[in-house]
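All heavy atoms count here, side chains included; hydrogens, waters and symmetry mates do not. Predicted model only: the values in this text are computed from it and were never measured.
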Amino acid sequence: MFKNSLRTASASLVGCAILFLILFSVVRSNSGVQTVVSQRLSPGAPNSNKAKQGDKPTRLDDIRKEFPKVDYDAPEPEDPVQKAKRRKKGKRYDNGYLSKDPGHSRGLVTEWDLGLSAFPIAQSDVVVIAKTITREAFLSNDKTGIYTELSVEVEEALKGEHLLSGKVIDVSRLGGVVRYSTGQESFFHIAGQNMPQANRRYLFFLKSIKDSEDFQIITAYELGPSGVKALDTPNQFSQYNGTDESSFMNTVRNALLQP
């Protein structure tokens, strides 16, 4: 009788294990799965999503410094045209993941880089060398989402020839820091995605935003005197870190010529 009970228990355990493996496989097969990692901000708190690239910040506070801030109670533009324009942009980011608890950070872990090569040309509507002029964080209309918008001046369009040299365009990316009247702050970002800084040159890979003249950042590379530096941390982008700009751009131009 004892042996029969043991066999029954063993069969149940095996059945549970098989069921778990099936469910795990189903979840993994869904590339749209998203995970929100939430933690309270505190000085020196380690980042739960460690950067894959050695020269990128690995501490949450260091990553947060890369993102601009917006006041939770920031007023809307007084000009009706500008107000309508901002509301149209803010609507894109409604129903977001911004924590309602001041002092918390949230990192959205997604597979956003799945299928992207070092140069995501096919996924980009526009590829440009541009200098960032201004950048500012904004809340969505319902204040559940936060995004950063940058004005950039086109230096050269490698894909999207309608963007002439000297043209200023707006590019955006999810993420930013919201500051409350209490002095507390909440931080939201997509794990692996960093934010361009102002007054720097980048090679941008951009996707057009429907029904607008704006673009979303897919990824980018900073072009500086010390060499190329990938904006984002996934491994496929880091391979060109430290490369001189001339050699790097030759590689990019050759990639653009491929069918």
Side-chain angles (χ1 to χ4, degrees), residues 36 38 41 61 63-108 125-126 128-155 157 160 162-190 193-202 204-220 222 231:
V36 178
S38 179
L41 290 175
D61 284 347
I63 296 175
R64 181 173 51 153
K65 290 175 183 177
E66 296 185 354
F67 289 74
K69 300 179 181 181
V70 60
D71 290 330
Y72 185 81
D73 298 319
E76 292 185 292
E78 294 183 1
D79 179 79
V81 175
Q82 292 301 317
K83 181 178 180 178
K85 183 178 179 181
R86 183 53 55 193
R87 278 191 162 269
K88 181 180 179 181
K89 294 184 177 188
K91 186 178 180 180
R92 303 171 192 151
Y93 301 94
D94 281 342
N95 302 312
Y97 293 90
L98 188 63
S99 174
K100 295 181 180 179
D101 182 9
H104 268 76
S105 70
R106 281 188 170 183
L108 183 61
D125 297 308
V126 166
V128 296
I129 298 174
K131 181 180 179 180
T132 53
I133 304 171
T134 62
R135 66 176 201 155
E136 189 174 356
F138 296 94
L139 287 169
S140 64
N141 296 340
D142 64 3
K143 296 192 176 184
T144 65
I146 187 169
Y147 64 101
T148 295
E149 185 176 88
L150 302 98
S151 293
V152 306
E153 182 177 354
V154 175
E155 178 181 313
H162 62 287
L163 296 178
L164 301 178
S165 176
K167 183 178 177 63
V168 176
I169 58 175
D170 290 334
V171 302
S172 62
R173 171 168 265 189
L174 274 171
V177 179
V178 58
R179 181 170 46 204
Y180 299 88
S181 58
T182 60
Q184 292 177 295
E185 296 178 347
S186 291
F187 170 46
F188 173 79
H189 72 118
I190 304 293
Q193 290 188 1
N194 296 303
M195 194 61 67
Q197 304 300 299
N199 300 313
R200 298 187 189 178
R201 293 173 65 245
Y202 291 89
F204 283 106
F205 292 86
L206 304 172
K207 184 174 181 61
S208 299
I209 296 177
K210 186 178 179 181
D211 298 327
S212 80
E213 296 181 351
D214 301 343
F215 301 88
Q216 287 182 331
I217 300 170
I218 298 176
T219 195
E222 184 178 345
L231 175 65

Undergrad: Can you tell if the side chain of F138 reaches within under 4.5 Å of the side chain of V70, non-hydrogen atoms only?
TA: no
Undergrad: Applying the side-chain contact (heavy atoms from CB on, under 4.5 Å) test to L174, which of I217, I146, I190 qualifies?
TA: I190
Undergrad: Does the pair R201 and I129 meet the rule for a side-chain contact (heavy atoms from CB on, under 4.5 Å), with working shown?
TA: CA-CA 7 Å; R201 293 173 65 245; I129 298 174; 3.8 Å; yes
Undergrad: Check the orientation of F204 and Y202. Use parallel for under 30°, tilted for 30 to 60°, and perpendicular for over 60°.
TA: tilted
Undergrad: Could you give me the CA-CA distance, side-chain angles and deciding distance for L98 and L139, then say whether side-chain contact (heavy atoms from CB on, under 4.5 Å) is met?
TA: CA-CA 9 Å; L98 188 63; L139 287 169; 3.7 Å; yes
Undergrad: Give a yes or no answer on whether the side chain of D94 reaches the backbone of S140 with a donor-acceptor pair at less than 3.5 Å.
TA: no
Undergrad: What residue pairs, at least two apart or across chains, pass side chain to side chain donor-acceptor pair (under 3.5 Å) with a residue in residues 72-82?
TA: E76-R87
Undergrad: Tell me the closest heavy-atom pair linking L163 and V154, and the distance in Å.
TA: O-CG1, 4.0 Å
Undergrad: Indicate yes or no: at least one non-hydrogen side-chain atom of I169 is less than 4.5 angstrom from one of V152.
TA: yes
Undergrad: For the atom pair CD (Q216) and NZ (K210), what is the distance rounded to the nearest 0.5 Å?
TA: 13.0 Å
Undergrad: Mind listing the closest non-hydrogen atom pair of M195 and P68 along with its distance?
TA: CG-CD, 4.3 Å
Undergrad: Check whether S186 reaches the backbone of S105 with its side chain - one donor and one acceptor, N or O, closer than 3.5 Å.
TA: no
Undergrad: Can you name the nearest heavy-atom pair linking H189 to Q193, along with the distance?
TA: ND1-O, 4.2 Å
Undergrad: Which residue pairs pass the salt bridge (Lys or Arg N to Asp or Glu O under 4.0 Å) test when at least one of the two sits in residues 134-151, sequence neighbours left out?
TA: R86-E149, K89-E149
Undergrad: Tell me, with the steps shown, if I209 and S172 meet side-chain contact (heavy atoms from CB on, under 4.5 Å).
TA: CA-CA 10 Å; I209 296 177; S172 62; 4.0 Å; yes
Undergrad: Mind telling me whether Y147 and Y93 have parallel, tilted or perpendicular rings, with 30° and 60° as the class edges?
TA: parallel
Undergrad: Between the side chain of E222 and the main-chain N/O of L231, is any donor-acceptor distance below 3.5 Å?
TA: no
Undergrad: Do D214 and R92 sit within salt-bridge range, that is, some charged N less than 4.0 Å from a carboxylate O?
TA: yes
Undergrad: Report yes or no: does R173 contribute a side-chain atom to a donor-acceptor pair with the main-chain N or O of L150 at less than 3.5 Å?
TA: no
Undergrad: Looking at R200, is its backbone amide N or carbonyl O close enough to the side chain of T132 to form a donor-acceptor pair, meaning the two atoms are under 3.5 Å apart?
TA: yes
Undergrad: Do any N or O atoms from the side chain of S151 and from the backbone of T134 form a donor-acceptor pair under 3.5 angstrom?
TA: no
Undergrad: For the residue pair G160 and V126, what are the closest heavy atoms and their distance?
TA: CA-CG2, 4.4 Å
Undergrad: I218 versus L206: any side-chain heavy-atom pair under 4.5 Å?
TA: no
